[in-house]
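For reference, the structure discussed in these notes is given below.
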Protein chains: 4
Amino acid sequence: MVKPESNPPLSRRERLKREREARILNAAATVFSEKGFHQATIREIADLADVADGTIYNYFADKFDLLIGLLSRLAEVDRLQEELTQAQQKGAQAFFETAFRQRLNRIMQAEKILQALLPEVLVNRELRQRFYQQYVSRLTSLLEQYLQQRIEQGHIRPVHVPLTVRIIQSVLIGLLFVRILGDEPLGSQWEKVPQVLTTLLFDGLNPREEEDDRPGLVADA
Amino acid sequence: MVKPESNPPLSRRERLKREREARILNAAATVFSEKGFHQATIREIADLADVADGTIYNYFADKFDLLIGLLSRLAEVDRLQEELTQAQQKGAQAFFETAFRQRLNRIMQAEKILQALLPEVLVNRELRQRFYQQYVSRLTSLLEQYLQQRIEQGHIRPVHVPLTVRIIQSVLIGLLFVRILGDEPLGSQWEKVPQVLTTLLFDGLNPREEEDDRPGLVADA
Amino acid sequence: MVKPESNPPLSRRERLKREREARILNAAATVFSEKGFHQATIREIADLADVADGTIYNYFADKFDLLIGLLSRLAEVDRLQEELTQAQQKGAQAFFETAFRQRLNRIMQAEKILQALLPEVLVNRELRQRFYQQYVSRLTSLLEQYLQQRIEQGHIRPVHVPLTVRIIQSVLIGLLFVRILGDEPLGSQWEKVPQVLTTLLFDGLNPREEEDDRPGLVADA
Amino acid sequence: MVKPESNPPLSRRERLKREREARILNAAATVFSEKGFHQATIREIADLADVADGTIYNYFADKFDLLIGLLSRLAEVDRLQEELTQAQQKGAQAFFETAFRQRLNRIMQAEKILQALLPEVLVNRELRQRFYQQYVSRLTSLLEQYLQQRIEQGHIRPVHVPLTVRIIQSVLIGLLFVRILGDEPLGSQWEKVPQVLTTLLFDGLNPREEEDDRPGLVADA
DNA sequence: TATGAATGAGGGTTCATTCAT
DNA sequence: TATGAATGAACCCTCATTCAT
């Protein structure tokens, strides 16, 4: 299932190479996320990765290619489809809560990389397109299919599928954004977000007959 | 539109100065949004504003100060409080739909400026804090107050107010983000978003007894 | 006659600009001729010209453009046609002696520039073509016309005009080359060359009845 | 062709080494002549020679040493003295025509190497001196001796021997130069040059009583 | 106050050379 | 001895900023 990459007789040389590339990408993520792509210098990344400046160019064509490398790693590690497929066996609401939790976890894990990428994504056409295709539209497609299906099954109200999916996508990205902005409640209560979000999405703000007493719905901080 | 500051007669000299500053800021917004802050050059902005390079430094301390200028203009023109106060006279759902429409309209009007600012907001601590305070947290506060009130009045289900408000904020910012990414449905159906979003927020995805037949809920594109 | 460029009301600013450009080109000629184009650094040229590195780029697009600038100056200052036209009023042999003297003088005056240009001329296609057109082929054409005419008039033996002219051209360039190589006799007896060359070219090596007693034909060094 | 050095049996190992060195020098000549010494990279030469970068440094001390290697090969292969000695048995004019033909043939054969060397010869003091000694002055000396002798024998008019010889040398180098410049007539009629040059050198441009009808003296292209 | 040329620090990138394998 | 990845010094060029006019 998960391409096991099980050709492990990697030569020592090959292992060193991979390890070096990883170190460089890590360093790039750190420096980019702290200073921004343009403020970051190759020198600084090289120092942090403990290689010489020139070595970076044995692994990446140029500075921008480091961003591409980060984006690739982002997409590569992500098990988006598999995760979502598993979650589909649950009910609709549980599916969304699971999906949100997965996505928000991923975002948190990859926060540094995302913080390195996002600013340039907004600015660079090529990166923007790659990011949209490799990162955004994949989730969009899956959600559209899922939502459509569930609507047809009557498990979900008939809504404007494309826009609803965009709205859901936007929440996720927006949450990352506001989190990066340093918003305190989001920073400290990130784990609660999936549930609040799911409840909101399913039950809405409208008051119901039956009072809802589940914990976590009211701020306790 | 609402220019209550028009008290003093303003000398010809003064008018010229203001007009020049506006031209410079416009040029900066255009160039920054197209190329990004770091790719943009003072020369290019000066050319577009039809002034000499050096002139810009009579109006702004340095290149970064142009961003501050754009942020100020963003906040300055915005009638956030007044608009929301007006909307509060409506019912809760109508309030949100109005508020969303206002916000999304503002976002669209100021898209160029926002596209110029956002990348640097993610990268520059000072700008980030200013942006958060002048642009994000103002809405957050107002929404928190409003939501709290309505919950106490029983018009809205008791929800986790801080996170709910962050989620709402995130939708707005995220929508802008996905729009900038070039997402087609968002680009072409931007006007429908407020209603879809409001319905989603209030009624949720859960199916109800009574079928919902209001127009615009199902994609027709 | 010599376009006097008599629009002297050059502003002070303009004069300074021209003077700066000249200083830069002089410095470039010096450094290029001493170290070669690739060994030369912009820093060094700037220092010698007493300007900042960046200033050079206000006058020349890039390092290579300095070579183009040198080539232009070479062609610009040269009064090739006028000089030759004057010389045409003399007899054939006197014409050539005059022409050789003019050319060899020019070469000596411009030796630094030529030494800066030649190596790159051999290496860079664009410069090669420009050099050939602006510097070499102009003389070639004039000589071809002149030789053809004189042959038709019977003042010169019928020879293979194109090759003969190339041979003459080659002597001039070759003499410069051997001079640059540091050849001593050429360095110290450069002024004798035109006469020796002319005699050789007209009378040849074949011995004649009448012994030739003109001075300068036998080495006295 | 004439390989009298073939005394020792040469081990397989030794043969491989020589062959490798030859491949490297060939590659260097090709790349240098096409791009120039400084534009050429060791990588490119190594690729063309089908060896690794580092291998080149087992054969040559550094990049510059490749030029020295080319110069050595140039001098080594050249049978200057033997060829000229043979030619001396002819009459003076035949001698020169033979000598010119030999030299111009050599130049053509070695054009690539010369084109690789000349630019750096003009720029690098050490290479310049070596080139002058190993390539230029050897011919100069031989010609000076020969010319002096013939003059004393009365077969050649008494001319300024040192300068005359320099002029002859200069023609050869200059012809190579103009050829490299891409001059068309020289490129296509290179074989005619020795004869035209010899006639010019011996008979001069002065018209004679007897009309000269030998072929090849008038351009037919 | 507007101008725009001069400034020069800064950084991405190249590539000859080294050296562990 | 051959390999080829790592090294890091070196350099062209950009461009924000200054300042004489």
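Order of the sequence lines fixes the chain letters, A, B, ..., with proteins taken first and strands second; residue numbering starts at 1 for each chain. These numbers were taken from a predicted model, which means no experiment stands behind them.
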Check: E:dT21 P sits how many Å from A:Lys17 NZ, rounded?
Finding: 16 Å
Next item on the list: Rounded to the nearest angstrom, tell me the gap between atom CZ in A:Phe32 and atom P in E:dG11.
Entry: 13 Å
Notebook entry, point to check: Are any of the side-chain heavy atoms of D:Phe32 and D:Gln115 separated by less than 4.5 Å?
Noted result: no
Note to self: To the nearest 0.5 Å, what is the distance between NZ on C:Lys112 and CG on C:Leu117?
What the structure shows: 13.0 Å
Notebook entry, point to check: Nearest 0.5 Å, what's the CZ-CG distance between C:Arg20 and C:Leu25?
Noted result: 14.0 Å
Next item on the list: Check each residue of residues 55-68 of chain A for a non-hydrogen atom within less than 4.0 Å of any atom in DNA chain E, then write out the ones that pass by number, or none.
Entry: A:Tyr57, A:Asp62, A:Lys63
Check: To the nearest angstrom, how far is B:Ile24 atom CD1 from E:dT3 atom P?
Finding: 9 Å
Check: Would you say the side-chain atoms of D:Arg130 and D:Asn124 include a donor-acceptor pair closer than 3.5 Å?
Finding: no
Note to self: For the CG atom of A:Asp47 and the CD atom of A:Glu44, what is their distance to the nearest 0.5 Å?
What the structure shows: 8.0 Å
Next item on the list: Could you grab the distance from atom CD1 of B:Ile180 to atom OH of A:Tyr132, nearest 0.5 Å is fine?
Entry: 13.5 Å
Item checked: Spacing of CD1 belonging to D:Ile45 relative to CZ belonging to D:Phe60, to within rounding of 0.5 Å -> 9.5 Å
Item checked: Atom pair distance, as rounded to whole Å: CG in B:Asp53 and P in F:dC19 -> 16 Å
Check: Testing B:Leu118, B:Leu122, B:Val121 for side-chain contact (heavy atoms from CB on, under 4.5 Å) with B:Leu127, which one passes?
Finding: B:Val121
Item checked: Proximity to DNA chain E (any heavy atom under 4.0 Å), residues of residues 36-48 of chain B only -> none
Notebook entry, point to check: Taking any strand in view, what nucleotide pairs with E:dA20 in a Watson-Crick or G-U wobble way, both distances under 3.5 Å?
Noted result: F:dT3
Margin query: Closest-nucleotide mapping onto DNA chain E: is B:Val51 or C:Leu16 further toward the 5' terminus? I mean the 5' end.
Written below: B:Val51
Check: Whole Å only: how far is the CZ atom of C:Arg20 from the P atom of E:dG4?
Finding: 17 Å
Next item on the list: Just name whichever nucleotide pairs with E:dA9, Watson-Crick or G-U, keeping both distances under 3.5 Å, else none.
Entry: F:dT14
Check: Quick one: which of B:Arg15, B:Lys17, B:Arg23 gives a side chain to side chain donor-acceptor pair (under 3.5 Å) with B:Glu19?
Finding: B:Arg23
Next item on the list: Respond yes when some side-chain nitrogen or oxygen of C:Arg13 is under 4.0 Å from OP1 or OP2 of E:dT3, and no when none is.
Entry: no
